[in-house]
Asks: 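Please see the structure below; I have some questions.
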Amino acid sequence: MNLNRKITLLLAAVAFGILLTLVLISLYAFRSFSISSSTAHVRTAAEMVRVHLTEAMIHGVIDKREQFLARLKEVEGLLSARVIRSSHVNAQFGKGMAQEEAADQIELQVLQSGQAHYELTDGPSGAAFRGTIPFPATSRGTPNCLQCHQVTEGTVLGAVTIELSLEAIKSKALLAVGIIMLAVALFSLAALLFARRLILPVGETAQAVERAVQRALKGDFKGRLEQRTDDEIGKIANQTNSLLEFLDEGLSRISQRVVQLTGRSPRKDENQLEATIDMVNGLADASTFKQAIEEDEHKREIYDRFGKVLVDRFGIREFSIYETEGAKQMVPIAVDGLPGGECRWCDPQILGRSDMCRARRTGHPVDGLIHPGLCYAFRQPDDAGEPRRHYCVPIIQSGTVGSVVQLVVAEVDAAALEEQAPYVHVYLREMAPVLEAKRLTETLRESSLRDAMTGLNNRRFLEEYVDTLIANARRRKTPLAVMMLDLDYFKVVNDTHGHDAGDAVLKALAGVLRQSVRASDMVIRFGGEEFLIVLQDADQGAALKVGENIRQAVEAMKVQVNGLVLQKTISVGLAMLADDSNSFWQTVKFADVALYRAKENGRNRVVAFEPEMWSGQAETY
């Protein structure tokens with residue numbers, strides 16, 4: 001039920017209530033007036049009868065009283081008039097006529113109580129008013145009752161019953177009430193029509209506002225209200241139109257900017273407001289994600305955090321993240337949420353031939369959701385179950401593809417992922433510069449910790465990681481061997497054949513050292529032609545064996561420089577952390593002492609540190 005109908009019904013109910021109240025009041029007023037008027041008429045008629053009877057007794061014509069009563073009945077509206085004699089009159093003058101006896105209980109009660117009785121009756125002649133008036137004896141006036149009747153004052157001598165017809169009054173009352181009802185009804189109808197005309201713009205404006213709000217809730221702010229009046233209602237319509245226009249323009253501008261940032265345009269069949277809110281929330285979440293990854297220390301942490309976003313926000317549990325390594329290789333960073341997992345959703349050949357990856361080769365997203373089979377490298381494993389589709393996005397770093405993110409979903413979920421793809425792009429766009437910054441930082445850090453010529457770690461690397469190295473050895477309670485190595489007569493090479501020849505010898509030596517130790521051991525270029533090797537979990541016997549192998553390998557090493565073949569030897573000093581010192585750098589010093597002992601003993605040999613080599617010095621290094 002709309003507002004206009006409600007107000008109309010309310011006004012109609014009010015008008016009906018007023019009309020009903022007036023009718024009831026009028027009927028009550030006419031009834032009260034009829035009773036009051038009839039009571040007065042009955043009393044007047046009763047007094048006339050009393051006077052006539054008194055005069056008739058004085059003039060001796062009391063026996064003709066019935067004629068008077070008969071003539072009295074001829075009065076219009078008077079239905080009956082009857083005199084009742086009391087027992088006191090009968091005792092003094094004898095019984096009167098038969099019609100003068102009490103006819104009912106009311107007349108007997110009036111004769112006994114001396115109180116007049118009035119009532120409304122409804123007989124064959126219609127509505128009537130009956131009154132029974134007593135005649136008490138009184139000494140007032142001349143002549144008076146006590147002059148003829150031998151009774152005391154106040155004794156009821158008789159009564160008169162007069163019945164008046166109310167039909168004429170009733171008809172007039174009903175006619176008056178009808179006229180009043182008609183007048184009130186006409187006035188109420190006119191007032192109702194006038195009020196409806198006044199409130200009609202209110203209801204129509206309210207309905208228009210409701211329709212506009214319903215459209216706005218669906219994201220459509222183009223609804224407008226018709227201004228029907230110039231009063232407050234018209235101002236409401238005008239201001240509502242201004243508000244809708246402002247919201248429509250603002251939403252359009254926001255939506256355009258969000259579309260530029262997300263690349264996703266709202267569909268015509270979806271709620272534009274909710275779609276814009278979702279896109280803004282997506283941008284806010286991506287911004288929060290960027291703030292979080294900017295404080296991560298390594299790229300691995302960024303990839304892990306992005307994997308959690310894929311699972312928690314987008315519900316994607318099957319995905320792969322690859323990182324390019326060099327010109328042709330790709331390394332799996334995470335597969336289905338497992339760090340460093342095996343290649344599962346692609347041909348493993350892409351790891352050695354990265355050009356097989358379409359996203360890596362083109363630098364553009366590969367939409368296998370809409371175009372399945374677009375990338376020939378996509379492979380679904382036999383245990384995957386229902387058919388899958390994929391969506392691959394390259395992450396551009398420094399103008400080239402640095403990483404590739406592959407999203408995999410079941411065919412039934414392809415449309416949902418297609419809807420979410422723009423938001424994934426937002427996250428990747430926010431992630432790309434942070435990954436690039438982390439990569440540059442790691443490159444700079446790597447270059448600062450690695451010797452550029454030999455490719456070995458440098459002394460700064462040792463200084464940063466020595467605490468971790470020593471802590472691991474002590475926690476595992478394993479021995480740690482430190483070897484200092486120095487090429488014999490290396491300065492002669494530089495002086496005789498030039499620094500290029502010296503560099504070639506150092507590079508060849510670095511290769512020999514790397515091949516002579518395990519991957520868990522450290523090979524450090526300590527400075528110039530000096531090298532340091534840290535052997536983990538190796539006792540002195542094993543360390544001496546490794547040192548001897550290195551010495552023999554270097555002795556057999558041949559370096560060709562400008563048509564010449566150079567051969568060099570190396571001296572090795574060895575010290576044990578657990579046996580010789582509790583300080584790593586003290587152990588390095590002991591290994592250096594042993595190295596110089598090897599030089600003194602003729603070079604090209606391996607010498608283990610002995611306590612007497614320290615010459616009893618108490619100072620530490």
Side-chain angles (χ1 to χ4, degrees), residues 26-86 89-90 93 95-138 140-145 148-149 156-179:
S26 299
L27 291 176
Y28 179 78
F30 279 115
R31 181 179 182 277
S32 299
F33 173 76
S34 299
I35 293 175
S36 176
S37 176
S38 298
T39 300
H41 289 165
V42 168
R43 294 181 69 86
T44 301
E47 184 63 21
M48 292 174 58
V49 171
R50 187 187 69 81
V51 171
H52 172 74
L53 292 176
T54 302
E55 293 295 327
M57 289 181 65
I58 294 174
H59 294 91
V61 291
I62 190 62
D63 55 338
K64 298 183 183 293
R65 57 185 179 278
E66 283 299 319
Q67 296 178 1
F68 171 77
L69 294 177
R71 293 289 303 272
L72 190 62
K73 292 179 182 178
E74 296 177 0
V75 176
E76 183 180 1
L78 184 64
L79 296 178
S80 65
R82 194 168 69 87
V83 176
I84 304 95
R85 293 163 62 98
S86 70
V89 176
N90 291 334
F93 298 102
K95 290 186 177 181
M97 294 178 291
Q99 61 267 29
E100 291 179 344
E101 297 294 329
D104 54 27
Q105 189 65 29
I106 294 175
E107 292 178 345
L108 291 175
Q109 183 179 353
V110 171
L111 291 176
Q112 293 176 1
S113 63
Q115 300 294 326
H117 178 82
Y118 305 97
E119 66 175 355
L120 291 174
T121 62
D122 192 5
S125 301
F129 183 81
R130 172 183 169 176
T132 301
I133 310 299
F135 292 154
T138 178
R140 289 177 297 175
T142 302
N144 56 60
C145 299
C148 298
H149 296 278
V156 178
L157 300 176
V160 61
T161 296
I162 297 176
E163 190 173 5
L164 299 178
S165 175
L166 298 180
E167 284 298 318
I169 298 178
K170 179 179 178 181
S171 299
K172 292 180 180 179
L174 292 177
L175 178 61
V177 171
I179 294 174

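These figures come from a predicted structure and were not determined experimentally.
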Asks: Could you tell me if the side chain of L78 sits less than 4.5 Å from the side chain of L164, heavy atoms only?
Replies: yes

Asks: Of all residues at least two apart in sequence or in a different chain, which pass the side chain to side chain donor-acceptor pair (under 3.5 Å) check with E47?
Replies: R50

Asks: Could you tell me the separation between the CD1 atom of I106 and the CG atom of L111, rounded to the nearest 0.5 Å?
Replies: 12.0 Å

Asks: Within the distance-only criterion (no hydrogens, no angle test), does the side chain of S26 pair as donor or acceptor with the backbone N or O of V177 below 3.5 angstrom?
Replies: no

Asks: Say you draw a straight line from CG of L79 to OG1 of T121; how long is it, rounded to the nearest 0.5 Å?
Replies: 8.0 Å

Asks: Does any part of the side chain of L166, heavy atoms only, come nearer than 4.5 Å to the side chain of L120, both counted from C-beta?
Replies: yes

Asks: Calculate, to the nearest 0.5 Å, the distance between atoms CD and CD belonging to E163 and E119 respectively.
Replies: 8.5 Å

Asks: Return the CZ to CD distance between R130 and E107, rounded to the nearest 0.5 Å.
Replies: 5.0 Å

Asks: Check for a donor-acceptor pair, side chain of S86 on one end and backbone N or O of L157 on the other, with a separation under 3.5 Å.
Replies: yes

Asks: Just list the side-chain donor-acceptor pairs under 3.5 Å for residues 33-42, sequence neighbours left out, or say none.
Replies:
from	atom 1	to	atom 2	distance (Å)
S34	OG	F30	O	2.7
S38	OG	S34	O	2.8
T39	OG1	I35	O	2.6

Asks: So which atom in D122 and which in A127 form the shortest heavy-atom distance, rounded to 0.1 Å?
Replies: OD1-N, 3.8 Å

Asks: So, for G114 and P134, which heavy atoms are closest and what is the spacing to 0.1 Å?
Replies: O-CG, 3.2 Å

Asks: Hey, could you give me the CD1/OH distance between I162 and Y118, rounded to the nearest 0.5 Å?
Replies: 9.5 Å

